[in-house]
Amino acid sequence: MTQSDWDDSAFETRAIHLGQEPDPVTGAVVPPINLASTFAQDAVGEPRAFEYSRSGNPTRAALETALAGLEGGAHGFAFSSGLAATDALLRQLEPGDHVVLPDDAYGGTYRLVNAVHRRAGLTFSSVDLTDPAALDAACTDRTRLVWLETPSNPRLRVIDIAAVSAVAHEHDAWCAVDNTFATPYLQRPLELGADIVVHSTTKYLGGHSDVVGGFAAVKRGLDELAEGVGFVQNATGAVPSPFDCYLVLRGLKTLAVRMDRHSDNAARIAAFLRDHPAVGEVYFPDGELARKQMRAPGGMVSFTVTAGENAALRVAGATRVFTLAESLGAVESLIEHPARMTHASVAGSPLAVDPALVRLSVGLESADDLLDDLRGALDSV
Ligand SMILES: *Cc1c(COP(=O)(O)O)cnc(C)c1O
C-alpha cells in the first residue's frame, strides 16, 4: 500500500496505517526506531533516501507522513517541541512584518513572539479573534500571519477558523492554527480554510506524558512556505529523536478512542461544575460554533472559584486523582492554576489570566472517581 491508498479510509484506520505500512524487508508491523545518525551513500554525493538524521530519518519520516495526512496537509515537519515548530513558522517572516495573536493563547507562544521575535524586528497585536471585525481593523499592510488557537488556552474560547482565515486571506496573510487542544480527530483547520496547523505533540497526540515534541503541517499548494519550514527544520536542527517520533506514532494509533473518552469524561465534569455553588464561570467548548467545527469538545475544562484566588489555589492543591501539574492531554488527569503556573509568563500583558481560574485536563480514569475527587476539593474551600 502507498500513502494515497488510505485516502478513502476513515480517520481511525488512517491513524493506524498511514505512513506505517509493514517494513518492506522484515515485515515488522511497527515502524522500526531507526537510530542511525548517518546513512551509507552509493557514490560520492549520492545518498539514497536518507543522508543524515538531522535532515531526515526513517522513523521521523513515518511520523511526518502520518500526521500530515491526518491533518489533510501536503507537507509535515516534526520538531523537538511545539514551540520549536512555532519558531520555524515565525522565521518565515521578515523584520518589519506584523503578526496578529489572539488575546487568549498559550503563554509560551506569546513569550516567543514578544520576547524573541520582536527583538528580531517582528511587530504584533493581540486581538479578540472572536470578533472578525476587530481582526480586520488590526491588520496592516505588513500583516503576514494571523495566529489562532481554538479551543484556546486556558479559557477554552472557540474561534471561527473559516471566518478568521477569510479575513487573513483578504489581507494576503497566512492563517496558522494551533490545533493542540482539539487534535485532527476533533478538528481539521486546513479543511476549514487555514494554511498551517501547528501542534505540541507533547499533549494529546503523544497522549501519555512521556514525550515533548512539535509538528507543523502545511496546506497543499503552499509549496514555497513548506520549503521554508523544512529549510529551518534542517538549518536550526530542533528535530525530535527517532525514539520520540516512535512514541508520537504510537500515540496516534489510539488518538480517536482516547479523544472520545476524554470528551465524555470532560462533559460530565463540566455539567457537575456548572451546578456547583462554589463555582463561577465554567469554560467548556460545547456551544454552537464548537459543534459546527469540532467533532466533540475534547478533554479540557476551566472554571473560576467564586471565593477568589486563595480558594482557587486551595482547590488546585486539594485533589488526589487529579495531579497538580502543568501540561495536559494525557491519560492521567491534571489540575493547575494558570495565573501562577502555565500562564505566569503573560502576567501584566493583554493575555493575563483571572487568578481565580483553575484548569483541568480530564484524563481517562473513571468519571465517577474524578467527580468524587473534585467534589471533595470544592467542599474543602
Ligand atoms: C504545550 C503547548 C504549546 C507548546 O508546546 P511545547 O511542546 O511545550 O513546546 C503550544 N501550544 C499549546 C496550546 C500548548 O498547550
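Distance alone, capped at 3.5 Å, places no donor-acceptor pair between the Thr319 side chain and the Val321 backbone. No donor-acceptor distance shorter than 3.5 angstrom exists from the side chain of Ser209 to the backbone of Ala330, with no hydrogens or angles considered. Side-chain N or O atoms of Arg320 include none that pairs as donor or acceptor with a backbone N or O of Ala377 at under 3.5 Å. A donor-acceptor pair under 3.5 Å links the side-chain atoms of Ser366 to the main chain of Asp368, judged by distance alone. The backbone N or O of Glu281 sits less than 3.5 Å from a side-chain atom of Thr304, completing a donor-acceptor pair. A donor-acceptor pair under 3.5 Å is formed between the side chain of His276 and the backbone N or O of Ala278. At least one donor-acceptor pair closer than 3.5 Å links the side chain of Ser53 to the backbone N or O of Ala36. Looking only at distances, no side-chain donor or acceptor of Arg111 sits under 3.5 Å from a matching main-chain atom of Gly107. Between the side chain of Thr59 and the main chain of Asn34, a donor-acceptor pair closer than 3.5 Å is present. In terms of modelled atom types and a separation under 3.5 Å, the side chain of His208 and the main chain of Gly206 share a donor-acceptor contact.
Between the side chains of Glu227 and Gln92, no donor-acceptor pair is found at a separation under 3.5 Å. Trp6 and Glu21 share a donor-acceptor pair across their side chains, judged by distance under 3.5 Å alone. Counted by atom type alone, Thr26 and Asp23 present one or more donor-acceptor pairs between their side chains at under 3.5 Å. With no hydrogens or angles considered, a side-chain donor-acceptor pair links Glu71 and His199 at under 3.5 Å. Side chains of His98 and Asp141: no donor on one and acceptor on the other come within 3.5 Å.
For the pair Asp8 and Arg14, the salt-bridge criterion is not met [side-chain N within less than 4.0 Å of a carboxylate O]. One finds a salt bridge joining Glu309 and Arg340 here, because a Lys/Arg side-chain nitrogen approaches an Asp/Glu carboxylate oxygen to under 4.0 Å.
Val212 approaches Asp244 most closely through the heavy-atom pair O-OD2, 4.1 Å. The shortest non-hydrogen separation linking Ala138 to Thr143 is O-OG1, 4.4 Å. Between Asp128 and Ala134, the closest heavy-atom pair is O-CB, 4.0 Å.
A continuous path of ILVMFWY side-chain contacts below 4.5 Å connects Leu145 to Phe79, so both sit in one hydrophobic cluster. In the hydrophobic clustering of ILVMFWY residues, with side-chain heavy atoms under 4.5 Å counting as a link, Val164 and Leu192 come out together. Hydrophobic clustering (side-chain heavy atoms under 4.5 Å, transitive across Ile, Leu, Val, Met, Phe, Trp, Tyr) keeps Met341 apart from Val353.
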Next on the checklist: Run the side-chain hydrogen bond (donor to acceptor under 3.5 Å, both in side chains) test on Asp87 and His117 for me, step by step, so that the C-alpha distance in whole Å, both residues' side-chain angles and the decisive distance to 0.1 Å come before the verdict.
Outcome noted: CA-CA 9 Å; Asp87 182 59; His117 285 275; 2.7 Å; yes
Item to check | Steps toward side-chain contact (heavy atoms from CB on, under 4.5 Å) verdict (Asp178, Leu148) | outcome: CA-CA 6 Å; Asp178 183 336; Leu148 71 94; over 6 Å; no
Next on the checklist: For a side-chain contact (heavy atoms from CB on, under 4.5 Å) check, start with the C-alpha distance between Arg359 and Leu328, then their side-chain angles and the critical distance, and finish with the verdict.
Outcome noted: CA-CA 10 Å; Arg359 189 187 79 181; Leu328 60 112; 3.6 Å; yes
Checklist entry - So Thr38 and Phe50, side-chain contact (heavy atoms from CB on, under 4.5 Å) or not? Walk me through it. => result CA-CA 8 Å; Thr38 189; Phe50 297 96; over 6 Å; no
Checklist entry - Would Asp264 and Arg261 count as a salt bridge (Lys or Arg N to Asp or Glu O under 4.0 Å) if you check the C-alpha gap in whole Å, the side-chain angles of each, and the deciding distance to 0.1 Å? => result CA-CA 5 Å; Asp264 291 349; Arg261 182 59 73 86; 5.0 Å; no
Checklist entry - For Glu332 and Thr323, what are the C-alpha separation, side-chain angles and deciding distance, and is it a side-chain hydrogen bond (donor to acceptor under 3.5 Å, both in side chains)? => result CA-CA 8 Å; Glu332 65 281 331; Thr323 300; over 6 Å; no
Checklist entry - What do the steps show when you test Tyr110 against His343 for side-chain contact (heavy atoms from CB on, under 4.5 Å), and what is the final call? => result CA-CA 10 Å; Tyr110 179 82; His343 288 65; over 6 Å; no
Next on the checklist: If you apply the rule salt bridge (Lys or Arg N to Asp or Glu O under 4.0 Å), what do you find for Asp103 with Arg157, and how did you get there?
Outcome noted: CA-CA 10 Å; Asp103 61 356; Arg157 284 209 301 188; 2.4 Å; yes
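The aromatic ring centroids of His262 and Tyr204 lie less than 6.0 Å from each other.
Proximity of Thr86 to Trp147: side-chain heavy atoms (C-beta onward) are separated by under 4.5 Å at one or more points. Side-chain contact between Leu360 and Ile269 is present, with heavy atoms from C-beta onward closer than 4.5 Å. For the pair Ile196 and Val229, the minimum side-chain heavy-atom distance is 4.5 Å or more. You'll find the side chain of Phe303 reaches within 4.5 Å of the side chain of Leu378, heavy atoms only. With a 4.5 Å cut-off on side-chain heavy atoms, Val218 and Asp195 do not count as touching. Residues Leu67 and Leu252 form a side-chain contact, since some pair of their non-hydrogen atoms from C-beta on lies under 4.5 Å apart. With a 4.5 Å cut-off on side-chain heavy atoms, Leu225 and Trp174 count as touching. The closest side-chain heavy-atom distance from Val239 to Gln233 is below 4.5 Å.
Other residues, nucleotides and ligands contribute only 12 or fewer heavy atoms inside 6.0 Å of the CZ atom of Arg250.
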Expected list for residues 287-300: side-chain donor-acceptor pairs under 3.5 angstrom, two or more places apart:
from: Arg291; atom 1: NH1; to: Asp286; atom 2: O; distance (Å): 2.8
from: Gln293; atom 1: OE1; to: Ile161; atom 2: N; distance (Å): 3.1
from: Gln293; atom 1: NE2; to: Ile159; atom 2: O; distance (Å): 2.6
from: Arg295; atom 1: NE; to: Tyr185; atom 2: O; distance (Å): 3.0

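Geometrically, Lys203 engages Tyr106 in a cation-pi contact, judged by NZ or CZ lying under 6.0 Å from the ring centre and within 45° of the ring axis.
Across Arg118, Arg91, Arg144, a single residue satisfies salt bridge (charged side-chain N to carboxylate O under 4.0 Å, His left out) together with Asp97, and that is Arg144.
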